[in-house]
Amino acid sequence: MGNLSGMHPCMKCDFTVVVKGYLFSVCVFQDIENGFFLNANKQVEEVCKQLASDPELKDGYNALGFSQGGQFLRAVAQRCPSPPVLNLISFGGQHQGIYGLPHCGYPNKWCNYIREVLTYGAYWSWVQNGLVQAEYWHDPLNEEEYRSHSIFLADINNEIAKNKTYIKNLLKLKNFVLVKFNNDTIVEPIETEWFGFYKPGQSSEVITLQESELYVKDRLGLQQMDKLGKLKFLAVYGDHLQFDEDWFIQNIVDKYLK
């Protein structure tokens with residue numbers, strides 16, 4: 001899910017890892033269609049295998065996830081602690097999911113098809129297993145249905161059961177950096193890029209991460225990370241994944257990748 005025009009060189013794939021000047025882009029899929037139709041859990045599993053097989057990463061790596069790659073790499077950090085993630089940086093990730101698809105950044109025929117499927121059957125089993133965006137579709141009007149049928153997001157957000165291993169692994173991060181694009185025309189709501197989302201039961205009022213049950217009950221360890229100063233919130237005045245090189249060097253490279 002993302003606008004591929006004007007991409008930074010690091011963004012050739014949804015996942016990029018950096019360690020001591022070593023740049024490794026993890027391309028799970030080689031065509032755009034698989035970005036929509038390859039099961040997210042399978043993508044995460046494949047990324048874990050690729051990272052574990054690279055000896056350059058054995059002592060840890062910094063992970064950059066772009067758009068849906070943000071939540072996918074978080075799943076990698078939570079599920080696959082070896083090799084360890086040092087700094088996890090999410091650019092426009094949809095960590096509380098999406099509810100709407102105003103502009104998906106790809107050909108209209110796919111966007112229109114996906115909108116229709118998500119509207120009428122996001123939680124049908126065949127849709128969950130075959131449409132990536134359905135796997136992080138979060139319907140605030142039907143929270144129980146979301147928790148019961150989401151095969152990806154509800155799991156990595158500890159909304160099905162409290163997986164203590166997920167919390168332990170996330171707390172191992174040095175920093176978890178969340179980059180939000182203030183003029184995003186693709187992600188809805190934009191606040192999901194900072195773990196905010198619609199208040200349950202309606203789809204107009206948005207609450208922050210700190211106001212959410214996820215944070216208050218600390219289901220994922222984010223409250224602990226926040227208190228430890230590991231949770232970083234950055235905002236860019238631009239559309240989805242649009243940032244310039246100077247900003248990237250000053251705010252990301254100099255602070256987290258050296």
(request) Mark yes or no for whether D239, through its side chain, and Q242, through its backbone, hold a donor-acceptor pair below 3.5 Å. (result) no
(message) Assess, by modelled atom type and distance only, whether the side chains of N157 and R147 contain a donor and an acceptor separated by less than 3.5 Å.
(response) no
(request) Please report the C-alpha distance between I98 and E188 in whole Å, then the side-chain angles of each, then the deciding distance to 0.1 Å, and finally whether the side-chain contact (heavy atoms from CB on, under 4.5 Å) criterion is met. (result) CA-CA 6 Å; I98 57 171; E188 194 171 277; 5.8 Å; no
(message) With rounding to the nearest 0.5 angstrom, report the CG to CE distance, L88 to M225.
(response) 8.0 Å
(message) Would H95 and L222 count as a side-chain contact (heavy atoms from CB on, under 4.5 Å) here? Give the steps.
(response) CA-CA 12 Å; H95 293 280; L222 296 176; over 6 Å; no
(message) Could you check whether any side-chain heavy atom of I190 comes within less than 4.5 Å of a side-chain heavy atom of F181, counting everything from C-beta outward?
(response) no
(request) List the atom of A134, the atom of V127, and the distance in Å for their closest heavy-atom pair. (result) CB-CG1, 3.6 Å
(message) Tell me if the aromatic rings of F152 and F72 count as close, with their centers under 6.0 Å from one another.
(response) yes
(request) Would you mind reporting whether H138 and E143 have side-chain heavy atoms less than 4.5 Å apart? (result) yes
(request) Say whether L228 and L214 are linked into one hydrophobic cluster, either directly or through other cluster members, by side-chain heavy-atom distances under 4.5 angstrom. (result) no
(request) Verify side-chain hydrogen bond (donor to acceptor under 3.5 Å, both in side chains) between Y136 and Q71, making sure each step is shown before the conclusion. (result) CA-CA 9 Å; Y136 54 86; Q71 60 264 34; 4.6 Å; no
(message) A side-chain contact here means heavy atoms from C-beta on lying under 4.5 Å apart; do L173 and L86 qualify?
(response) no
All N/O donor-acceptor pairs, side-chain side in residues 251-258, below 3.5 Å, sequence neighbours left out:
unit_1	atom_1	unit_2	atom_2	d
N251	ND2	W247	O	3.0
D254	OD1	K258	NZ	3.0

(request) Over all heavy atoms of both residues, which pair between S90 and G70 is shortest? Give the atoms and the distance, please. (result) OG-CA, 3.7 Å
(message) Which heavy atom of A52 sits nearest to which heavy atom of P83, and what is that distance?
(response) CA-CD, 3.8 Å
(request) Please assess F233 against L209 for the test side-chain contact (heavy atoms from CB on, under 4.5 Å), listing each intermediate value before the final yes or no. (result) CA-CA 11 Å; F233 300 92; L209 164 64; 4.0 Å; yes
(message) Between N175 and V177 (side chain of the first, backbone of the second, donor and acceptor by atom type, cut-off under 3.5 Å), is there such a pair?
(response) no
(message) Working to the nearest 0.5 angstrom, can you tell me the gap between L234 CG and W194 CH2?
(response) 8.0 Å
(request) Rounded to the nearest 0.5 Å, what's the gap from CD on E135 to CD on Q43? Could you check? (result) 8.0 Å
(request) Indicate yes or no: does E45 engage K49 in a salt bridge with an N to O separation below 4.0 Å. (result) yes
(request) Check whether the ring centres of Y215 and F195 lie less than 6.0 Å apart, and answer yes or no. (result) no
(message) To the closest 0.5 Å, what do you measure between CD1 (I207) and NZ (K199)?
(response) 7.5 Å
(message) With a 4.5 Å cut-off on side-chain heavy atoms, are L153 and Y146 touching?
(response) yes
(request) Look at the side chain of Q128 and the backbone N and O of A122, then say whether any donor-acceptor pair between them is shorter than 3.5 Å. (result) yes
(message) Between D218 (side chain only) and Q223 (backbone N and O only), is there a donor and an acceptor less than 3.5 Å apart?
(response) yes
(message) Which heavy atom of V206 sits nearest to which heavy atom of P189, and what is that distance?
(response) CG2-CB, 4.3 Å
(message) Is it the case that the side chain of Q224 and the backbone of G221 share a donor-acceptor pair, with hydrogens and angles ignored and the cut-off at 3.5 Å?
(response) no
(message) Tell me the closest heavy-atom pair linking D184 and V187, and the distance in Å.
(response) OD1-N, 3.0 Å
(request) Indicate yes or no: at least one non-hydrogen side-chain atom of D139 is less than 4.5 angstrom from one of Y123. (result) yes
(message) Before you tell me yes or no, could you show the steps for Q96 and E191 under side-chain hydrogen bond (donor to acceptor under 3.5 Å, both in side chains), namely the whole-Å CA-CA distance, both residues' side-chain angles and the distance that decides it to 0.1 Å?
(response) CA-CA 9 Å; Q96 280 275 36; E191 289 79 5; over 6 Å; no
(message) Within this structure, what is the NZ-CZ distance for the pair K162 and R219, rounded to the nearest 0.5 Å?
(response) 9.0 Å
(request) Return each pair, listed once, that meets ring pair (Phe, Tyr, Trp, His ring centres under 6.0 Å) where at least one residue sits in residues 39-62; pairs must be two or more places apart or across chains. (result) none
(request) Check whether any side-chain heavy atom of K172 lies under 4.5 Å from a side-chain heavy atom of P84, and answer yes or no. (result) no
(message) Please give me the minimum heavy-atom distance between D226 and Q210, naming the atom from each residue.
(response) OD2-NE2, 3.7 Å
(request) Indicate if F176 and L171 have the same hydrophobic cluster label, given that clusters are the connected sets of ILVMFWY residues with side-chain heavy-atom separations under 4.5 angstrom. (result) yes
(request) Kindly compute the distance separating SG (C80) from CG (N169), expressed to the nearest 0.5 Å. (result) 9.0 Å
(request) May I ask whether Y166 and I160 are part of the same hydrophobic cluster, defined by side-chain heavy atoms of I, L, V, M, F, W, Y residues being less than 4.5 angstrom apart, directly or through others? (result) no
(message) Go through it in stages, so that I can follow the logic: the residues are L73 and I89, the test is side-chain contact (heavy atoms from CB on, under 4.5 Å), and I'd like the CA-CA distance, side-chain angles, deciding distance and then a yes or no.
(response) CA-CA 9 Å; L73 270 179; I89 306 167; over 6 Å; no
(request) Indicate, with yes or no, if L220 and I151 share a hydrophobic cluster defined by side-chain heavy-atom contacts under 4.5 Å among Ile, Leu, Val, Met, Phe, Trp and Tyr. (result) no
(request) Determine whether Y198 and S204 make a side-chain contact, defined as any pair of heavy atoms from C-beta on separated by less than 4.5 Å. (result) no
(request) Answer whether the closest heavy-atom distance between the side chains of R79 and N41 falls below 4.5 Å. (result) yes
(message) Would you say L131 ends up clustered with W126 if hydrophobic residues are merged whenever their side chains have heavy atoms under 4.5 Å apart, either directly or through other cluster members?
(response) yes
